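The next block holds one structure in the form of structure tokens; read it before the comments.
Not measured: the values here are computed from a predicted model. Atoms within each ligand, like the ligands themselves, are counted from 1 in listed order.
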Amino acid sequence: MKKVITYGTFDILHTGHINLLRRAKEYGDYLVVAISSDAFNALKGKKAYYSFEQRKAILEAVRYVDEVIAEDTWEQKVDDIQKHHIDVFVMGDDWKGKFDYLKAYCDVIYLPRTIGISTTKIKTDLNKNG
Ligand code: C2G
């Protein structure tokens, strides 16, 4: 079984996230998603609308996702890849190059981001339109 992993906040799930998850799953048979904990989001300077538990429940309902784990630190990726026997690490290309050190442990793939949609844009548009 070929296992894939990806990481992210995945707040207010949108088609950009779904496009990423669908393409990530195409690289294997089993997709693990490491969702940023609320504490790790604070480290990333992000405040998610949905709590970790809510984001986890939503991701677990996505057909491409086989398992959801917590992302608590920047440093856990190597341990995750070894512990979960990961073959492919996938991220959107806004992270291009940032995780190349993982090539020592698994394939590293950066996929083109979906243009024109983001959680930030959704929040801004909703605030503008009341
Ligand atoms: N994404 C995308 N297209 C968009 C928006 C997001 O392809 N329009 C991708 C991002 O590139 C990322 C994933 O969806 O691969 C999740 O995006 P975020 O929730 O914004 O995750 P991020 O804050 O980038 O966290 O250790 C890695 C970090 O936790 C990544």
If you measure only the distance, is there a donor-acceptor pair under 3.5 Å linking the side chains of [X] and [Y]?
X      : Y      : value
Asp80  : Tyr7   : yes
Lys44  : Thr9   : yes
Asp100 : Tyr110 : yes
Gln82  : Tyr105 : no
Asp11  : Thr119 : no

Just to confirm my output: which protein heavy-atom neighbour is closest to [atom], and how far is it?
atom                    : result
atom 15 (O) of ligand 1 : Gly92 N, 2.9 Å
atom 3 (N) of ligand 1  : Thr114 N, 3.1 Å
atom 14 (O) of ligand 1 : His17 CD2, 3.8 Å
atom 26 (O) of ligand 1 : Glu71 OE2, 2.5 Å
atom 24 (O) of ligand 1 : Trp95 NE1, 2.8 Å
atom 9 (C) of ligand 1  : Leu20 CG, 4.0 Å
atom 5 (C) of ligand 1  : Arg113 NH2, 3.3 Å

Sub-4.0 Å atoms of ligand 1 with respect to non-hydrogen atoms of [X]:
X     : result
Ser36 : 29 (O)
Trp74 : 26 (O)
Asp94 : 10 (C), 11 (O)
Phe10 : 16 (C), 19 (O)
His14 : 5 (C)

Looking only at distance, does [X] have an N or O less than 3.5 Å from an N or O of ligand 1?
X     : value
Tyr7  : no
Lys44 : yes
Arg23 : no
Thr9  : yes

- Query: Evaluating non-hydrogen atoms only, which member of Arg55, Lys46, Gln76, Lys96 is closest to atom 20 (O) of ligand 1?
  - Reply: Lys46

- Item | Joint cluster assignment, Met91 & Ile86, ILVMFWY side-chain distance < 4.5 Å | yes

- Going hydrophobic residue to hydrophobic residue with side-chain gaps under 4.5 angstrom, can you get from Val65 over to Tyr30? no

- Message: Using the rule salt bridge (Lys or Arg N to Asp or Glu O under 4.0 Å), only one of Arg55, Lys46, Lys47, Lys56 pairs with Asp38; which is it?
- Response: Arg55

- Using modelled atom types only, decide if a donor and an acceptor are shared between the side chain of Arg23 and the backbone of Val90 within a distance under 3.5 Å. no

- Message: Heavy-atom distances under 4.0 Å decide this one: backbone, side chain, both or neither, for Ile117 against ligand 1?
- Response: both

- Ser118 touching ligand 1 at heavy-atom level, < 4.0 angstrom: no

- Task: Hey, can you tell me if Trp74 and Trp95 have their rings parallel, tilted or perpendicular (30° and 60° cut-offs)?
- Result: tilted

- Message: Less than 4.0 angstrom from a charged side-chain N to a carboxylate O is my criterion; do Lys25 and Asp66 meet it?
- Response: yes

- Query: Could Lys128 and Asp125 be called an ion pair, given the rule that one side-chain N must be under 4.0 Å from one carboxylate O?
  - Reply: yes

